[in-house]
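One structure is given below, encoded as structure tokens.
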Amino acid sequence: MKMRMNNIFVPTLRSTPGEAEIASHKLLLRAGFIRRSSAGVYTYLPLAYRVLEKIKNIVRDEMNKAGGQEVMLPIIQPAELWMETGRWHVYGDEMFRLKDRHGRDFCLGPTHEEIITDLVRGEVNSYRQLPILLYQIQNKYRDERRPRFGLMRGREFIMKDLYSFDVNEEALDVSYQKMYQAYTNIFTRCGLNFRPVEADSGAIGGNVTHEFMVLAESGEATIVYCDECNYAANVEIAPCKPSIKAEIKEDLREKVKVHTPDVKTINEVAEFLEVKPEKCIKTLFYKADEELIVVLIRGDRTINEIKVQKVHPCYNLELASEEEIKNITGALPGSVGPIGLKNIKIYADLEIEHIINGVCGANEDDYHYINVNATDYQVEGYYDLRLIEMDDKCPKCNGQLQSARGIEVGQVFKLGTKYSESLKAKFLDVNGKEKPIHMGCYGIGVSRTLAAAVEQHNDENGIIWPKAIAPYLVTVIPVNNKDSQQMEYAEKIYTELQAKGIEVILDDRNERAGVKFKDADLIGFPIRITVGKKAIEEGIVEYKLRKESTVEEISMAEAIKKVVEFSQS
RNA sequence: CGGAGUGUGGCUCAGUUUGGUAGAGCGCUGCGUUCGGGACGCAGAGGCCGUAGGUUCAAAUCCUAUCACUCCGACCA
């Protein structure tokens, strides 16, 4: 196999295509790893393919070690199965749907719980057959409302999913722990700086779940973690205690309606009435499926809609329209409040209960109430509904919280019996009693991991691949390929490295040195060996690591030795 | 799905306001010079200006529709 730049399809670009916004997307396009086919759908060119295979092999290795068995599952899946679990409708427009020539409904699998459970329910009848851990590494399809950031959020993407089937909850715990450990091993081996965090289980269901986050500024998720204990969570689920400032206790006063012309936002209200935003009651109207609900939160806080959905279960939660609000309250948003609202559920954040002599809209345009207290309106209850902030204390140990952005590359779920019950996947236990199988599912976004690695490991010159997933470990660059001695020398190093099983590429292109250096940096080979005049005159080559700026001038034998050492380190 | 924007050669973009022979840089082909951080000269190839209608003597340019793509938001195992 000739691993030479002349023979490999690596179309690097000098300028960044306008379609790209974030580092990984720009660099993967420029360095000749990917090309877009349509929105959120990409072609993987040879270099990307090699990286994907490396990631997959690390994943395979750890899955196999943990007792997983690899399978291939259908990508085209029948609607019937999805109807059995009810997700044919839950998934909504995000599912790619198609019909066959007979008009039967199918979808392109967005995930494989249904398919795998269907398989297992047909074959597993006895506790003797459990546990069983099956996994697949395949394309999955989700018609994202908004695909973006290149491979980060595609509509077609590569994913590893492992599904575990156990006899009971304790056994599921064992499988879950194995997977948690395997994930830690995988992302460590991939050379990524990551963090497992507590998370929301979303539409997939289940109660216990962790996300594995690659830390990067461009990450779409925000996490909080504590330096004093091991607490780490996605902000989506991080619980918040009410922060009640030790203020001077005010006497409760009678509410008063005041004229507040052209005052709409919390900040405007606070400024106009000369109170702090935290004294204001932000009143938000949501449409929960078909029902309108009200959520109250302190003026300086942000709503956490996931928490709202826990308190008021629904499939779809979105802010109500101005028209819907006007119908209920008689006022437009900006002048609405909880006082006097009827026939609508009002959920208040825990902190709302502690607002004394607060401010809220009067449900009359351009009027607000001041001196509002909890007795002035009726709520369903007080719940933790807000988004955690940096001034919050660690929910576990009260320590100082830190926050970071993360790219979700993996998630592990304890599903319990959600799918086994709806799909009737049962077995007979030792006592001959019929029980539902306890399931877990464990996903890794393989193509997203590739993008996350680039996102985390790059500089102004290009990608800096962690060695375990680099497309090639070494590039050998003869400075002047008109110089046949240099070429021969480079060829010799290349051949020797190859003989030692090192993945090396020879840049034998008829290009000027500068072009080859630029491309080497852009593509991000961990090691570069340069063969120049000194190689011929003194037997000295240059050895340079991509992640460092220093160049070592050493003999060819030493360079080869260093490469081998590096590859084994 | 709401808001904003962009579609002109392989890539980056100008030209559109004010209609009148389709441009530049990079890349590509050939020849020559050059050769340690994206060289230079000369000569070339390559575009029914996203698509479809319309207005006009004349449309990349004006009008209408439509498609694609990107960004912000909403949403998201």
Side-chain angles (χ1 to χ4, degrees), chain A residues 11-22 25-26 29-30 32 35-41 87 90-95 109-114 140-150 152-155 157 159-161 163 199-206 209-212 220-221 234 236 286-287 305-306 309 315-322 408-413 415 418-419 440-445 448 461-462 477-483 486 507 509-522 528 530-535 541-542 544 549 551 553:
Chain A
T12 57
L13 300 172
R14 224 178 255 244
S15 49
T16 306
E19 72 191 66
E21 198 59 29
I22 63 168
H25 192 192
K26 286 181 188 166
L29 284 167
R30 267 196 67 199
R35 286 294 183 264
R36 192 188 65 213
S37 167
S38 62
V41 182
R87 293 209 294 179
V90 174
Y91 245 98
D93 291 337
E94 203 163 306
M95 193 180 252
T111 175
H112 286 70
E113 282 83 14
E114 278 77 1
K140 307 226 173 183
Y141 297 84
R142 292 186 196 166
D143 194 358
E144 294 279 348
R145 282 192 188 180
R146 192 179 156 205
R148 58 179 138 178
F149 301 148
M152 213 60 97
R153 180 169 296 276
R155 297 195 295 170
F157 53 99
M159 188 150 168
K160 185 280 307 181
D161 249 330
Y163 299 94
D200 177 54
S201 61
I204 200 159
T209 178
H210 288 85
E211 288 168 336
F212 285 74
E220 292 186 86
N234 191 311
E236 289 177 347
Y286 277 95
K287 204 169 164 185
E305 293 179 1
I306 286 171
Q309 263 178 299
Y315 291 123
N316 213 330
L317 186 74
E318 56 186 27
L319 283 169
S321 67
E322 289 202 353
E408 182 201 336
V409 288
Q411 187 162 12
V412 291
F413 297 86
L415 296 174
K418 174 175 172 169
Y419 295 90
C441 83
Y442 317 87
I444 289 180
R448 184 184 279 183
N461 294 317
I477 299 182
V479 164
N480 180 348
N481 45 321
K482 292 289 155 46
D483 184 327
Q486 278 184 25
D507 196 344
R509 291 177 300 170
N510 185 16
E511 290 285 355
R512 298 165 68 83
V515 172
K516 294 196 255 192
F517 289 144
K518 287 286 184 191
D519 273 349
D521 287 348
L522 182 61
R528 185 182 88 195
T530 310
V531 176
K533 276 184 197 149
K534 280 191 179 170
V541 298
E542 285 171 23
K544 181 182 176 301
S549 55
V551 176
E553 300 200 331

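Each chain gets a letter, A, B and so on, in the order its sequence line appears, and its residues count up from 1. Since this is a predicted model, take the numbers as computed values, not measurements.
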*State which of C69(B), G36(B), C76(B) makes the closest approach to the side chain of A39(A).*
C69(B)
*Give the rounded distance in Å between these two atoms: CG of N510(A) and C1' of G38(B).*
15 Å
*G27(B) base to R30(A) side chain: any donor-acceptor pair below 3.5 Å?*
no
*Nearest of G36(B), U70(B), C75(B) to any side-chain atom of E305(A)?*
C75(B)
*asked:* Tell me the closest heavy-atom pair linking S201(A) and F413(A), and the distance in Å.
replied: O-CE2, 3.5 Å
*Are the side chains of C441(A) and E113(A) in touch, meaning some heavy atoms are under 4.5 Å apart?*
yes
*Roughly, in whole Å, what's the span from CG in L319(A) to C1' in G2(B)?*
12 Å
*Take atom P in A68(B) and the same atom in C63(B), then report the distance between them in whole Å.*
22 Å
_No-H, no-angle donor-acceptor pair, E542(A) side chain to G36(B) base, under 3.5 Å_ = yes
*Pairing nucleotide - G9(B), Watson-Crick or G-U, each distance under 3.5 Å*: none
*asked:* Nearest to the side chain of V515(A), heavy atoms from C-beta on, is which of A39(B), C69(B), C71(B)?
replied: A39(B)
*asked:* Strictly by Watson-Crick or wobble contacts shorter than 3.5 Å, is anything paired with G73(B), and which nucleotide is it?
replied: C1(B)
*How is D483(A) classified with respect to the nucleic acid when contacts are heavy atoms under 4.0 Å: base, sugar-phosphate, or nothing?*
nothing
*How close or far is atom C1' of C11(B) from atom CG of D519(A), stated in whole angstroms?*
14 Å
*Mind checking K516(A) for me? I need base, sugar-phosphate or nothing, with any heavy atom below 4.0 Å counting as a touch.*
nothing
_Classify I444(A) by what it touches in the nucleic acid, base, sugar-phosphate, or nothing, heavy-atom distance under 4.0 Å._
nothing
*Whole-Å distance separating the CD atom of Q309(A) from the C1' atom of C75(B)*: 10 Å
*What is the base-pairing partner of U64(B), counting Watson-Crick and G-U wobble geometry with both distances under 3.5 Å?*
A52(B)
*Test for a donor-acceptor pair under 3.5 Å between the base of C69(B) and the side chain of R36(A), counting only N and O atoms.*
no
_Side-chain heavy-atom pair R528(A), D521(A) within 4.5 angstrom cut-off_ = yes
*On RNA chain B, nearest-nucleotide positions of R145(A) versus G514(A): which is more 5'?*
G514(A)
*Would you tell me if any nitrogen or oxygen in the side chain of R14(A) comes within less than 4.0 Å of OP1 or OP2 on G27(B)?*
yes
_Spatial distance of atom NE2 (H25(A)) from atom CD (E19(A)) [nearest 0.5 Å]_ = 4.5 Å
*Indicate, yes or no, whether a donor-acceptor pair under 3.5 Å links the base of G36(B) to the side chain of N480(A).*
no
*Grab the OH-P distance between Y286(A) and A74(B) for me, whole Å please.*
10 Å
*asked:* Both distances below 3.5 Å, Watson-Crick or wobble geometry, any strand: find the nucleotide opposite C57(B).
replied: G20(B)
*Does U29(B) pair with anything, Watson-Crick or G-U wobble, both distances under 3.5 Å, and if so, with which nucleotide?*
A43(B)
_Taking atom types as they are modelled, would you say the side chain of R528(A) forms a donor-acceptor pair with the base of G37(B) within the 3.5 Å cutoff?_
yes
Set out, line by line, the N/O atom pairs under 3.5 Å between protein and nucleotides 12-15 of chain B.
from	atom 1	to	atom 2	distance (Å)
U12(B)	OP1	G18(A)	N	2.7
U12(B)	O4'	S15(A)	OG	3.4

*asked:* Could you tell me how far G25(B) sits from C40(B) if I compare only their C1' atoms? Round to whole Å.
replied: 16 Å
Each nucleotide N or O in nucleotides 31-34 of chain B that has a protein N or O under 3.5 Å away: list the pair and distance.
from	atom 1	to	atom 2	distance (Å)
U34(B)	O2	R512(A)	NH1	2.6

*Which atom of Q411(A) lies closest to which atom of A199(A), heavy atoms considered*: NE2-CB, 3.9 Å
*Give one of base, sugar-phosphate or nothing for F157(A), where a contact means two heavy atoms less than 4.0 Å apart.*
base
*Assign D521(A) to base, sugar-phosphate, or nothing according to its heavy-atom contacts below 4.0 angstrom with the strands shown.*
base
_If we check side chain to side chain donor-acceptor pair (under 3.5 Å) with N234(A), which of these qualifies: E211(A), H210(A), E408(A)?_
E211(A)
_Rounded distance (Å) that lies between atom P of G3(B) and atom CD of E318(A)_ = 15 Å
